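For reference, the structure is listed below as structure tokens.
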Amino acid sequence: MNRWQYFLGGVKNMKTRGTIAPTSKFTSKKMLSNIRFEDAKIIVELGAGDGSITKHILSQMREDTKLISFEIDPALSGILEENISDPRLTLINDSAEHLVQYLNKMGYTKVDYVVSGIPFVMLPEELGDRILKVSKSVLSEKGCFIQFHYSLIPKKRYKRIFNQLDIELEMRNLPPAFVYVCK
Ligand SMILES: C[S@@+](CC[C@H](N)C(=O)[O-])C[C@H]1O[C@@H](n2cnc3c(N)ncnc32)[C@H](O)[C@@H]1O
């Protein structure tokens, strides 16, 4: 998908995509710097889009680590499937709110990291809270939830749901992004 197609898709589906440009490699790098890849066995990605963060996760993951990526939009999920073929990746074309059911089907109860690009500020509040709480519930003791936003407005929400929140700014993104790291 080229930048123009991504832009048009973003304008058309603003309520679920929440952006007109894929996340930059700088933001991806900043998000993923919070992952101890040498220890991670299971990583979950929410809102994978066309795979701009997915490919960076895979490039740093160990050979025996599993990545489970959710993407609700069938068009983006199809593109991701065409672009990335990796036996460590399980792509799920469904809403992240069903995370626990999918993990249970795969025989997992806990995961090491959840990396998310879901635009929670655009989703109905109740749905967003449910996805955040479900994500928190499956995190292992040392795990963390990593999210990006384009403002500090959602800060209170993360403080309410998680026990600990750290925020880093990445200017090299369109628009500049805040990386939220939650435990
Ligand atoms: C801001 S885009 C991020 C795409 C990509 N990860 C990136 O960083 O460039 C947000 C993505 O979340 C997806 N999304 C929105 N709601 C979702 C949900 N409930 N479950 C799974 N994916 C969802 C959208 O379809 C969209 O692809």
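Any value given below was found using the heavy atoms of this structure, including those in side chains, with hydrogens, waters and symmetry copies removed. Owing to the predicted nature of the structure, the values given are computational and were not obtained by experimental measurement. In listed order, ligands and their atoms are each counted from 1. Note that the numbering runs from 1 along the sequence shown for the chain.
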Suppose I only count heavy atoms of D73 and a 4.0 Å limit; which atoms of ligand 1 are within that range? 25 (O)
Give the single entry among G117, G47, S116 that approaches atom 6 (N) of ligand 1 most closely by any heavy atom. G47
Take D166 and K183, measure what salt bridge (charged side-chain N to carboxylate O under 4.0 Å, His left out) needs, and give me the verdict at the end. CA-CA 9 Å; D166 293 305; K183 290 188 177 162; over 6 Å; no
I53 and ligand 1 - part of the residue with a heavy-atom distance under 4.0 Å: side chain
Heavy-atom contacts with L76 under 4.0 Å: which atoms of ligand 1 show up? List them by number with element. 27 (O)
Have a look at ligand 1 and work out which part of S95, if any, has a heavy atom under 4.0 Å from it: side chain, backbone, both or neither. both
In terms of the angle between their ring planes, are Y158 and H149 parallel, tilted or perpendicular, with boundaries placed at 30° and 60°? perpendicular
Walk me through whether V115 and I35 qualify under side chain to side chain contact (heavy atoms under 4.5 Å, CB included). CA-CA 9 Å; V115 178; I35 296 183; 3.8 Å; yes
Pair listing, salt bridge (charged side-chain N to carboxylate O under 4.0 Å, His left out) test, anchored in residues 30-44, at least two apart: K30-E170, R36-E38, R36-D39
Using a 3.5 Å cut-off and no angle test, enumerate the donor-acceptor pairs between side-chain atoms of residues 99-110 and protein atoms at least two apart in sequence or in another chain.
from, atom 1, to, atom 2, distance (Å)
Y102, OH, D94, OD2, 2.7
K110, NZ, S137, O, 2.8

Please confirm whether L46 approaches ligand 1 to less than 4.0 Å, judged on its heavy atoms. no
Geometric N/O contact D50 with ligand 1, under 3.5 angstrom: no
Between A48 and ligand 1, which part of the residue brings a heavy atom under 4.0 Å of the ligand: side chain, backbone, both or neither? backbone
With heavy atoms of T23 as the reference, note each atom of ligand 1 found under 4.0 Å away. 7 (C), 8 (O), 9 (O)
For I118, the option from L132, L123, L127 that meets side chain to side chain contact (heavy atoms under 4.5 Å, CB included): L123
If you measure from each heavy atom of L127 to ligand 1, is any distance below 4.0 Å? no
Looking at non-hydrogen atoms alone, which of S28, A177, G49, S52 comes nearest to atom 7 (C) of ligand 1? S52
Which option, A96, P74, G128, owns the non-hydrogen atom nearest atom 20 (N) of ligand 1? A96
For I131, the ligand 1 atoms whose distance to one of its heavy atoms is below 4.0 Å: 19 (N)
Go through the steps for L89 and L80 under the test side chain to side chain contact (heavy atoms under 4.5 Å, CB included), then give the verdict. CA-CA 11 Å; L89 169 67; L80 198 157; 4.0 Å; yes
Are there more than 12 heavy atoms of other residues, nucleotides or ligands under 6.0 Å from atom CD of Q164? yes
If you take all heavy atoms of I72 and S95, which pair is closest and at what distance? CD1-CB, 3.7 Å
N or O pair under 3.5 Å between Y150 and ligand 1: no
